[in-house]
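In what follows, a structure is listed as structure tokens, so that the remarks can point back to it.
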There are 2 protein chains.
Amino acid sequence: MATRPSASSAADNLDLELRRGVVVLAVLSQLQTEQYGYSLKKALTDRGLEIDEGTLYPLLRRLESQGLLQSDWRMAEARPRRYYVISPEGRRVYETLSANWRALTRVIDELVQPVEVTDGTPGSV
Amino acid sequence: MATRPSASSAADNLDLELRRGVVVLAVLSQLQTEQYGYSLKKALTDRGLEIDEGTLYPLLRRLESQGLLQSDWRMAEARPRRYYVISPEGRRVYETLSANWRALTRVIDELVQPVEVTDGTPGSV
DNA sequence: TACTATACCATGTGTTACACAGTAATGTCA
DNA sequence: TGACATTACTGTGTAACACATGGTATAGTA
């Protein structure tokens, strides 16, 4: 524990905060089609969104307890798996939430927009 | 307090979570030019980002204590105002953070993207 | 056969930021 | 004079996340 304690730690922290809440959106988007936790984790990782198991599993339970997801255990497969799928209510919330997300990104992109070129690197998105 | 306690409250809550961390980005973006808390609040509201004073003021203090902002009191004006401006360190963090933001939106937009056509509207991005 | 890695699920603890609800004081305008 | 806007602050509760840890069962390997 040495090496710039303030800079990276502050930035890291802010970065974490940035991802907060977004995971829910990602999960709901993926659970339009049935999936179990572990496979969902892999799917999200593949698409560029890392998520810890200790975050994902409680999240799934929570969303189910809020009525946004439905789950059932499948024992007949290679392993017992808990499959989740979005509920009708979840679909409604997802619509609202993704609309809010779009609105939010529009606002923030507007604010952050004026980026100056940092160096000579071409800004290839 | 009646009317669907679960549905709206869950969505509201998730919406709040969505905005989390984003406020920091907005604040840093606006404090490229000096500003005091109250005016910052108004500016953000004007641009579509509501922020409670009880959120903003502690946030400003926090960012200053992390070295991302600098502040000084102006007593010569109509009222005593605490002006904030981004610091060099803050600028660096802001660059990183906004890059992360762009990466995040890219990922999420990709996930959320496949929206079913609501009606007959052509899916123009 | 024994060993190990991977698949799969879960919980508990600490940290952190936010919303909300207050407190307080001074300036502006009717 | 009174009401409202301006400007700043703090404290309390809540909620979600990261991280660490525990656990079982299957697949693969030596």
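Each chain gets a letter, A, B and so on, in the order its sequence line appears, and its residues count up from 1.
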To the nearest angstrom, how far is [X] atom [atom1] from [N] atom [atom2]?
| X | N | atom1 | atom2 | result |
| --- | --- | --- | --- | --- |
| M75(B) | dA8(D) | CE | P | 11 Å |
| Q66(A) | dA15(D) | CD | P | 10 Å |
| E17(A) | dA19(C) | CD | P | 11 Å |
| R61(B) | dT7(D) | CZ | P | 17 Å |
| R82(B) | dA25(C) | CZ | C1' | 16 Å |
| L14(A) | dT15(C) | CG | P | 18 Å |
| R19(B) | dT16(C) | CZ | P | 22 Å |
| L60(B) | dT10(D) | CG | P | 12 Å |

Quiz item: Any donor-acceptor pair under 3.5 Å between the side chain of R81(B) and the base of dT7(D)?
Solution: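 Absent.
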
Self-check item: Short N-O contact, R74(A) and E34(A), less than 4.0 angstrom
Solution: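 Answer for the salt bridge query: yes.
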
Show the atom names and distances, to 0.1 Å, of all donor-acceptor pairs under 3.5 Å that link a side chain in residues 16-25 of chain B to residues at least two apart or in another chain.
residue : atom : partner : partner atom : Å
E17(B)  : OE1  : R20(A)  : NE           : 3.1
R19(B)  : NH2  : E50(B)  : O            : 2.4
R20(B)  : NE   : E17(A)  : OE1          : 2.9

Exercise. Describe the nucleic acid contact of P58(B) in one word from base, sugar-phosphate, nothing, applying a heavy-atom distance below 4.0 Å.
Key: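 Here P58(B) touches the bases of the nucleic acid.
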
Exercise. Just call it for K42(B): base, sugar-phosphate, or nothing, with non-hydrogen atoms closer than 4.0 Å on any strand.
Key: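 Sugar-phosphate, backbone atoms only, no base.
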
Quiz item: Is there a side-chain contact between Y83(A) and S71(A), using heavy atoms and a 4.5 Å cut-off?
Solution: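 No - every pair of side-chain heavy atoms lies 4.5 Å or more apart.
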
Exercise. Scan residues 44-57 of chain B against DNA chain D and write down, sorted by residue number, each residue with any heavy atom closer than 4.0 Å; if none is found, say none.
Key: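 E53(B), G54(B), Y57(B), in order of number.
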
Between [options], spot the one nearest the side chain of [X], thanks.
| X | options | answer |
| --- | --- | --- |
| R79(A) | dT10(D), dC17(D), dC8(C) | dC8(C) |
| W73(A) | dC9(C), dA16(D), dC9(D) | dC9(C) |
| L59(B) | dC18(C), dC17(D), dA8(D) | dC18(C) |
| Y38(A) | dA8(D), dT6(C), dC18(C) | dT6(C) |
| L16(B) | dC9(C), dC17(D), dA19(C) | dA19(C) |
| R20(B) | dC8(C), dC9(D), dA17(C) | dA17(C) |

Quiz item: Under the 3.5 angstrom rule, does the side chain of T105(B) hit a backbone N or O of W101(B) as a donor-acceptor pair?
Solution: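 Yes; at least one donor-acceptor contact below 3.5 Å.
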
Self-check item: Any donor-acceptor N/O pair, K41(B) side chain to I51(B) backbone, under 3.5 Å
Solution: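 Yes; at least one donor-acceptor contact below 3.5 Å.
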
Practice problem: Output the distance between atom CH2 (W73(A)) and atom CZ (R82(A)), rounded to the nearest 0.5 Å. | Solution: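 It comes to 6.0 Å.
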
Practice problem: Using the test ring pair (Phe, Tyr, Trp, His ring centres under 6.0 Å), find all partners of Y38(B) that sit at least two apart in sequence or belong to another chain. | Solution: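 Y38(B) satisfies ring pair (Phe, Tyr, Trp, His ring centres under 6.0 Å) with no residue once adjacent residues are dropped.
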
